[in-house]
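Comments concern the structure below.
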Amino acid sequence: MNGSRHVIIITDGDEYALRTIEYIATEIGGRCISKSFGNPTKLSGPEIVQYILHAKHDPVFVMFDDSGYIGEGSGETALQYVVNHKKINVLGIIAVAAKTNFTEWTKVDVCIDNTGELTQFGVDKYGVKEWEVGRINGDTVYCLDHLKVPIVVGIGDIGKMAMQDHIKYGSPITRKAVALILERSGFYDNFKKE
């Protein structure tokens, strides 16, 4: 995918997500599309793609949010457009759990609980392990099973999780999810070769 932009998608767009993703993007030398913040997502897929294509560095972090609406909302419509764009290479998705039990859920490849442990079990919004294997409940996850992406990492509510992921502690759960996606994608290895 030469010439493509390398993107990490986050299925949350509230103020905590914004602050957390801006912080982590700065820490690793990536870029956060801050204008993708919103609950729900306000920008269209084509608008978000333009911001991605003009970002100064990869990886580019983009947030999508449906604000708890059931079914495909504005966040998921935009998300699908971005994932399927020919100039976008999605490295992975951070699927954020929410309190929408028994409504919308998605399969995940792995979760990270609120202690930073990788687990095959889903997690709730507090990052606590649940009983379901390989799935989480959330409000912007309805379409994820239909997308072709390398890895989906489930975590609790980004920047929160009863302070376990708070930015004043360096947002360790979100940071670990980002590190896992970058490692599994070979992102840094690919850039060393170029």
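- Annotation: K107, atom NZ; neighbour count of heavy atoms from other residues, nucleotides and ligands within 6.0 Å does not exceed 12.
- Contact annotation: the side chain of Q80 approaches that of L147 to within less than 4.5 Å [non-hydrogen atoms, C-beta and beyond].
- Contact of the V153 side chain with the D109 side chain is not registered, since no non-hydrogen atoms from C-beta on lie closer than 4.5 Å.
- Hydrophobic clustering (ILVMFWY, side-chain heavy atoms < 4.5 Å, transitive): V149 and I136 are in one cluster.
- Within the 3.5 Å criterion, the main-chain N or O of A55 finds a donor-acceptor partner in the side chain of R5.
- With contacts defined as side-chain heavy-atom distances shorter than 4.5 Å, the pair C32/M63 qualifies.
- Looking only at side-chain heavy atoms (C-beta outward), T11 and T106 stay at 4.5 Å or farther from each other.
- Cluster membership for V133 and I155, using ILVMFWY side-chain heavy atoms within less than 4.5 angstrom, is not shared.
- Of the residues T119, N137, V123, the one that meets the side-chain contact (heavy atoms from CB on, under 4.5 Å) test with E130 is N137.
- Both V110 and L91 sit in one connected hydrophobic cluster of ILVMFWY residues. Membership requires side-chain heavy atoms under 4.5 Å apart, directly or through other members.
- Residue L18 holds its CG atom at 11.5 Å from CG of N39, rounded to the nearest 0.5 Å.
- A donor-acceptor contact closer than 3.5 angstrom is absent between the side chains of T41 and D65.
- No side-chain heavy atom of V60 sits less than 4.5 Å from a side-chain heavy atom of Y51.
- R19 CZ: more than 12 foreign heavy atoms inside a 6.0 Å radius.
- P59 places a side-chain heavy atom less than 4.5 Å from the side chain of I28.
- T174 contributes no side-chain N or O that, together with a main-chain N or O of S171, makes up a donor-acceptor pair within less than 3.5 Å.
- The CD1 atom of I151 sits 4.5 Å away from the CZ atom of R184 when rounded to the nearest 0.5 Å.
- More than 12 non-hydrogen atoms from other residues, nucleotides or ligands lie less than 6.0 angstrom from OH of Y81.
- Side chain of D66 to main chain of E76: a donor-acceptor pair is present (N/O by atom type, distance under 3.5 Å, no hydrogens or angles).
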* Output, in order, the C-alpha distance, side-chain angles, deciding distance and verdict of side chain to side chain contact (heavy atoms under 4.5 Å, CB included) for V108 and L144. => CA-CA 9 Å; V108 292; L144 299 189; over 6 Å; no
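- Looking at every heavy atom in both residues, A78 comes nearest to I48 through CB-CD1, 4.0 Å.
- Contact of the I88 side chain with the V83 side chain is not registered, since no non-hydrogen atoms from C-beta on lie closer than 4.5 Å.
- With K160 as reference, D14 is the one residue of D165, D14, T20 to meet the side chain to side chain donor-acceptor pair (under 3.5 Å) rule.
- A donor-acceptor pair under 3.5 Å is formed between the side chain of D58 and the backbone N or O of H6.
- Each of Y126 and W105 belongs to its own hydrophobic cluster when Ile, Leu, Val, Met, Phe, Trp and Tyr are linked at side-chain heavy-atom distances under 4.5 angstrom.
- Proximity of E27 to R175: side-chain heavy atoms (C-beta onward) are separated by under 4.5 Å at one or more points.
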